[in-house]
Q: 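Quick one: structure below, then a few questions.
Given the structure is predicted, the values throughout are model-derived calculations rather than measurements. Sequential numbering from 1 along the given sequence is applied to the chain's residues.
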Amino acid sequence: MKALVGVGAVVLAAIAQVTVAPLFPLGGAAPEFVLLGLVLITAFSGPPPVMWLTPLAAVAAGWLSDRSPGLMLIAYLPLLPVGLGLEESPAPLNHYVRTLAMMLVTGMWLRMILAFGAIAGGAEPAVGALISDVIIPGLILDLGLLTVVYIPLRLAGLAGQGMTLQRSRYY
């Protein structure tokens with residue numbers, strides 16, 4: 001049942017990315033609902049569901065938009081390594097700050113990969129406009145949206161999960 005909920009959430013996030021996100025731009029950026037969904041699933045369910053939902057999210061987002069699914073997969077890939085690196089870092093970070101940092105780093109990576117893909121496709125490489133009109137406003141949108149969704153989920157009683165994989169019966 002959890003698998004169906006995860007698949008449904010990712011597909012709905014991809015649909016919202018294509019239909020709803022362009023209605024709320026900030027500068028040249030729109031919020032990344034698929035990334036938000038993956039970050040929240042990582043934060044509250046741990047890494048195993050995200051390991052199989054990330055390729056599904058990339059394919060769904062790629063097919064529903066004009067982007068390559070392979071490019072989308074490369075854009076979503078840093079999520080789990082960043083989360084694990086933040087959890088194992090010596091800095092005393094609480095779960096909310098780690099989740100914000102995962103969203104920040106992966107969101108910046110995502111936008112840079114999509115920009116490089118557009119430049120490779122023939123777009124004009126304007127680095128200043130890319131940073132001031134796409135990356136910074138996009139990160140502000142993503143972090144604000146994550147805060148608006150994360151806090152009610154924590155108040156509703158959902159506990160944050162760690163990023164380390166647990167041993168299971170197959171080992």
Q: How close do A57 and V34 get, heavy atom to heavy atom, and via which atoms?
A: CB-CG1, 3.6 Å
Q: Could you grab the distance from atom CG of L36 to atom CE of M103, nearest 0.5 Å is fine?
A: 4.5 Å
Q: Shortest non-hydrogen contact from P81 to P78?
A: CD-O, 3.4 Å
Q: Supply the members, apart from W63, of the Ile/Leu/Val/Met/Phe/Trp/Tyr cluster built from side-chain contacts under 4.5 Å; use none for a lone residue.
A: V59
Q: Please tell me whether V5 and L53 are part of a single hydrophobic cluster in this structure, the criterion being side-chain heavy atoms less than 4.5 Å apart.
A: no
Q: Output the distance between atom CG (L104) and atom CD1 (I140), rounded to the nearest 0.5 Å.
A: 10.5 Å
Q: Are D142 and R111 close enough that some pair of their side-chain heavy atoms sits under 4.5 Å apart?
A: yes
Q: Under the criterion side chain to side chain contact (heavy atoms under 4.5 Å, CB included), I'd like the reasoning laid out for V134 against L114: C-alpha separation, chi angles, the key distance, then a yes or no.
A: CA-CA 11 Å; V134 177; L114 293 179; over 6 Å; no
Q: Please round to the nearest 0.5 Å and tell me the distance separating atom CG of L130 and atom CD of E124.
A: 12.5 Å
Q: Judged by atom type as modelled, is there a donor-acceptor pair below 3.5 Å linking the side chain of R67 to the main-chain atoms of G62?
A: no
Q: Side chains of T147 and L100, heavy atoms from C-beta outward: is any pair under 4.5 Å?
A: yes
Q: For a side chain to side chain contact (heavy atoms under 4.5 Å, CB included) check, start with the C-alpha distance between Y76 and E32, then their side-chain angles and the critical distance, and finish with the verdict.
A: CA-CA 11 Å; Y76 294 137; E32 286 290 333; 4.1 Å; yes
Q: Rounded to the nearest 0.5 Å, how far does OG of S89 lie from CZ of R98?
A: 8.0 Å
Q: What are the two closest non-hydrogen atoms of A75 and W109, and how far apart are they?
A: O-CD1, 3.2 Å
Q: Nearest 0.5 Å, what's the CD1-CG distance between I74 and L110?
A: 11.5 Å
Q: State the CD1-CG distance between I136 and L141, to the nearest 0.5 angstrom.
A: 12.5 Å
Q: Measuring only between side-chain heavy atoms, which start at C-beta, is V97 closer than 4.5 Å to L86?
A: no
Q: Just distance, no hydrogens or angles: give the donor-acceptor pairs under 3.5 Å from side chains in residues 6-30, sequence neighbours left out.
A:
residue, atom, partner, partner atom, Å
Q17, OE1, F33, N, 2.6
Q17, NE2, P31, O, 3.1
T19, OG1, I15, O, 2.8

Q: Any side-chain heavy atom of I131 sitting closer than 4.5 Å to one from V127?
A: yes
Q: Flag the pair T106 / V39 as yes when at least one side-chain heavy-atom distance between them is below 4.5 Å, and no otherwise.
A: no
Q: Taking transitive links into account, so neighbours of neighbours count too, which hydrophobic residues share a cluster with L73 at under 4.5 Å side-chain distance?
A: L77
Q: Anything under 30° is parallel, anything over 60° is perpendicular, the rest tilted; go ahead and classify F44 against H95.
A: tilted
